[in-house]
K.L.:
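Pasting in a structure now, in structure tokens, and then I'll have a few things to ask.
Please read all numbers here as calculations on a predicted model, not as lab measurements. In what follows, every chain begins at residue 1, and chains take the letters A, B, ... in the order their sequences are listed.
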Protein chains: 2
Amino acid sequence: MDETASGDHESPHTALPTVKSGTIPPATASRLGLYLRELQHFLRGGTETIKSNSLGRRLGLSDSQIRRDLALFGEFGKRGVGYNVAGLVGALRKALGTDGQWSTVLIGLGNLGNALVRYRGFGQQGFVLRAIFEADRSKVGLNVDGVPIHDISRLEELLPSLDVQMAILAVPADQAPGLASRLADLGISGILNFAPVSLSTTRGVATVDVDLAVELQRLAFAVVNSDRSS
Amino acid sequence: MDETASGDHESPHTALPTVKSGTIPPATASRLGLYLRELQHFLRGGTETIKSNSLGRRLGLSDSQIRRDLALFGEFGKRGVGYNVAGLVGALRKALGTDGQWSTVLIGLGNLGNALVRYRGFGQQGFVLRAIFEADRSKVGLNVDGVPIHDISRLEELLPSLDVQMAILAVPADQAPGLASRLADLGISGILNFAPVSLSTTRGVATVDVDLAVELQRLAFAVVNSDRSS
DNA sequence: TACTGTGAATGAGTTCACAGCC
DNA sequence: GGCTGTGAACTCATTCACAGTA
């Protein structure tokens, strides 16, 4: 897996007990977003209940695994019937911390940064882009879809007043660790990193690394090691 | 984790035994790309050997885990010294199937597709983009960095002669499953999917799903659950 | 009847701790 | 001396199988 997390900043969200008891195991946590995505799909379609079996089939997971995971929120499943879709969507958003909104900045408006600004999926889950920081002076002062582009050198000057919790880093690998550390010093809570370098060692901030080349290598491995008996 | 794999097509690569004995466990396999990335970094810098400890620190992993993983290739580590960087790079590329080249097509030239075409990381790891397929007629006939853009309706007509093994899918969620199934029928071996839907259930092809919104939700979860004692 | 919830069993992955070798 | 390689212990995750309940 291509991600790690650590950090110590408080969020604007009140983390009331969404879970039956104790904490959510990491393996389950990494699947919550997938469950939420599928359940929102059913919610839009007007489906009121969903069975562990059909959810599992859509995601390529076993029904018992789905039940084990969802039982942590235990109150949305009815024996003989299935799970209440709307209730689970609410519980998952709360557990993930994506009830409410997160203010976000994008650092780096290259190819990938440009695509990310326009990506609709982020806004839909409550992530609001407040500003873009970029080194290329010819872009500074412009805006993308109404989001202003600032000079990266003004990060320390401007970030505090923007009141953001998350940063999306889409800069070259050699600049990523330095920027991550500046963002951590500014009190950012989380960084979604697309640079091909691990930021998990940055202190005081939660990080998730997404390396597109690594994902493609995983695919190559899966192809080379694919089992001829499927 | 946001990916799955399955499939049954042969690749152009000869999978000679790169590993000491048996197969590579999935958990280790998912880290090989990260190891390769870091080792290539040291190789470019002229470092000849690397210790499990320093590699671990760069990736946020324990030294014993690194040793366990790399011992599978057992012949590159020397006690008291460390691992031979160049040798390991070769072994990892072979194990991942990224020695040699993979011919690739991109399906969908929207925001994300555009960024992916220009992304340098793919070419560097031996993935060569042969063609782009897109539904928007105003783009068909043009090219991006010399790569031709074809009408998606001509997929069945044109793909066989392109001799590609991999497809990168960057289309809306509702179109992804249908396209995945067409690609599988055409004999594609692997699909890297960016649509927010699981393609792991597509038969006869290895798939890796990357859902950017899910990654951002993982980050939100990590922030909300970050331990105040770090 | 048809599903969920969950103890118990199994399996996978990680860490410990130290022997083995350079 | 300082590292790797690895048996053994441990922890975490998944699956099995069935009791419990709408």
Side-chain angles (χ1 to χ4, degrees), chain A residues 1-6 19-32 34-35 39 42 47-85 87-88 91-92 200 218 225, chain B residues 1-6 19-32 34-35 39 42 47-85 87-88 91-92 200 218 225:
Chain A
M1 206 176 327
D2 195 10
E3 85 249 14
T4 50
S6 65
V19 186
K20 238 167 112 181
S21 82
T23 33
I24 297 175
T28 299
S30 75
R31 287 186 291 265
L32 296 185
L34 299 173
Y35 294 154
L39 289 165
F42 285 113
T47 307
E48 290 183 9
T49 63
I50 178 91
K51 296 189 263 285
S52 60
N53 184 283
S54 28
L55 192 51
R57 229 168 331 96
R58 278 183 71 90
L59 288 167
L61 302 173
S62 73
D63 55 344
S64 63
Q65 182 165 62
I66 304 271
R67 288 201 298 280
R68 195 50 87 187
D69 286 345
L70 297 188
L72 291 171
F73 301 93
E75 61 179 303
F76 302 107
K78 283 216 195 331
R79 292 163 201 246
V81 181
Y83 296 89
N84 177 318
V85 174
L88 261 183
L92 289 173
S200 64
R218 282 186 185 147
N225 293 275
Chain B
M1 205 178 325
D2 195 12
E3 84 248 19
T4 50
S6 66
V19 186
K20 239 167 112 181
S21 83
T23 35
I24 297 175
T28 299
S30 75
R31 287 186 290 266
L32 296 185
L34 298 174
Y35 295 153
L39 289 165
F42 284 113
T47 307
E48 291 184 8
T49 63
I50 176 93
K51 296 189 264 283
S52 60
N53 183 283
S54 27
L55 192 50
R57 231 170 327 99
R58 279 183 72 88
L59 289 168
L61 302 173
S62 73
D63 55 344
S64 64
Q65 182 166 61
I66 303 270
R67 288 200 299 279
R68 200 41 93 189
D69 287 342
L70 298 187
L72 291 171
F73 302 92
E75 61 180 302
F76 301 107
K78 283 216 194 333
R79 293 164 199 244
V81 181
Y83 296 89
N84 177 317
V85 174
L88 260 183
L92 288 173
S200 64
R218 281 186 183 145
N225 294 275

K.L.:
What is the distance, rounded to the nearest whole Å, between atom CG of Leu70(A) and atom C1' of dT6(C)?
P.N.:
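After rounding, the gap between these two atoms is 14 Å.
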
K.L.:
side-chain contact (heavy atoms from CB on, under 4.5 Å) for Tyr35(B) and Asp69(B)? Distances and angles first, verdict last.
P.N.:
CA-CA 10 Å; Tyr35(B) 295 153; Asp69(B) 287 342; 2.5 Å; yes

K.L.:
Under the salt bridge (Lys or Arg N to Asp or Glu O under 4.0 Å) definition, can you give me all pairs with a residue in residues 52-65 of chain A, not counting sequence neighbours?
P.N.:
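Checked against salt bridge (Lys or Arg N to Asp or Glu O under 4.0 Å) - neighbours excluded - the pairs reaching residues 52-65 of chain A are Glu38(A)-Arg58(A), Asp63(A)-Arg67(A).
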
K.L.:
Whole-Å distance between dC3(C) P and Arg79(A) CZ?
P.N.:
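Rounded to whole Å, this separation is 14 Å.
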
K.L.:
Can you check whether Leu39(B) reaches Tyr83(B) side chain to side chain, under 4.5 Å on heavy atoms?
P.N.:
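The answer is no; the side chains never approach within 4.5 Å.
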
K.L.:
dC3(D) C1' sits how many Å from Leu55(B) CG, rounded?
P.N.:
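About 14 Å, once rounded to whole Å.
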
K.L.:
One character per nucleotide, please: for nucleotides 7-15 of chain C, 5' to 3', B when the base has a protein heavy atom closer than 4.0 Å, S when only the sugar-phosphate does, - otherwise.
P.N.:
BB----SSB

K.L.:
May I have the distance from Leu72(A) (atom CG) to dG5(C) (atom C1'), rounded to whole angstrom?
P.N.:
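Rounded to whole Å, this separation is 11 Å.
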
K.L.:
Ignoring backbone atoms, test whether Tyr83(B) places a side-chain nitrogen or oxygen under 4.0 Å from the OP1 or OP2 oxygen of dG5(D).
P.N.:
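Yes, Tyr83(B) has a side-chain N/O under 4.0 Å of OP1/OP2 on dG5(D).
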
K.L.:
Determine whether Phe76(A) and Val85(A) make a side-chain contact, defined as any pair of heavy atoms from C-beta on separated by less than 4.5 Å.
P.N.:
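Phe76(A) vs Val85(A): side chains apart.
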
K.L.:
In whole Å, I'd like the distance from the CD1 atom of Ile66(A) to the C1' atom of dT14(D).
P.N.:
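From Ile66(A) CD1 to dT14(D) C1': 12 Å.
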
K.L.:
Expressed in angstrom and rounded to an integer, what is the separation of Arg67(B) atom CZ from dG2(D) atom P?
P.N.:
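Taking CZ of Arg67(B) and P of dG2(D), I get 15 Å after rounding.
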
K.L.:
Mind checking what makes side-chain hydrogen bond (donor to acceptor under 3.5 Å, both in side chains) contact with Thr49(A), not counting sequence neighbours?
P.N.:
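Applying side-chain hydrogen bond (donor to acceptor under 3.5 Å, both in side chains) to Thr49(A) gives none.
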
K.L.:
Between C1' on dC21(C) and NZ on Lys78(B), what's the gap in Å once rounded to a whole number?
P.N.:
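Nearest whole value for this atom pair: 11 Å.
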
K.L.:
So, applying side-chain contact (heavy atoms from CB on, under 4.5 Å) with Leu55(A), which one of Leu61(A), Leu34(A), Ile66(A) is it?
P.N.:
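Answer after filtering Leu61(A), Leu34(A), Ile66(A): Ile66(A).
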
K.L.:
Between Leu32(A) (CG) and dA13(D) (P), how many Å, whole number?
P.N.:
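Computing the Leu32(A):CG to dA13(D):P distance gives 13 Å.
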
